[in-house]
Amino acid sequence: RVTEPKELQDAVDSAVSKVDSGRCFVRPSGTEDCVRVYAEAKEQGAADKLAEEVGKSLQLCSLTCYPGWTARTEDSGIATRLFG
């Protein structure tokens with residue numbers, strides 16, 4: 001579970017509740033300066049959509065919780081980098 005910012009875990013829980021057999025978590029990378037979003041669902045398209053929704057929530061939280069930082073999603077769509 002995301003402990004900080006709390007709003008992000010609320011957004012993850014909300015997104016997961018909309019997906020059949022959905023699971024999702026967010027964690028900082030141990031090797032890069034980014035935050036990773038992992039998502040699972042019964043269908044690949046649903047997992048991709050879940051990851052995208054949580055990634056957007058992560059970007060919004062970064063803008064409000066970390067003013068002055070920028071966030072972007074990599075081309076692969078699996079990681080959002082926060083730059084301070």
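Starting from 1, each residue takes its place in the sequence as its number. Since the model is a prediction, treat every value here as computed from it, not as a measurement.
The two residues R36 and T31 come nearest to each other via the heavy atoms NH2-OG1, 4.4 Å. Closest heavy-atom contact between G22 and L50: CA-CD2, 4.5 Å. Closest non-hydrogen pair, A39 versus A47, comes out as CB-O, 3.5 Å.
Contact check for C24 versus V37: side-chain heavy atoms found under the 4.5 Å cut-off. Between K42 and V19, every side-chain heavy-atom pair lies at or beyond the 4.5 Å cut-off. Looking only at side-chain heavy atoms (C-beta outward), L60 and K56 stay at 4.5 Å or farther from each other.
Here K49 does not pair with E53 in a salt bridge; the nearest charged N to carboxylate O distance is not below 4.0 Å.
One distance of note links CD of Q9 with OG of S14; it measures 11.0 Å at 0.5 Å rounding. Summarising the geometry, atom CD belonging to E7 is positioned 12.5 Å from atom CG belonging to L58; distances are rounded to the nearest 0.5 Å.
With R1 as reference, D13 is the one residue of D13, V12, L8 to meet the side chain to side chain contact (heavy atoms under 4.5 Å, CB included) rule.
Using modelled atom types and a 3.5 Å distance limit, the side chains of R23 and Y38 yield no donor-acceptor pair.
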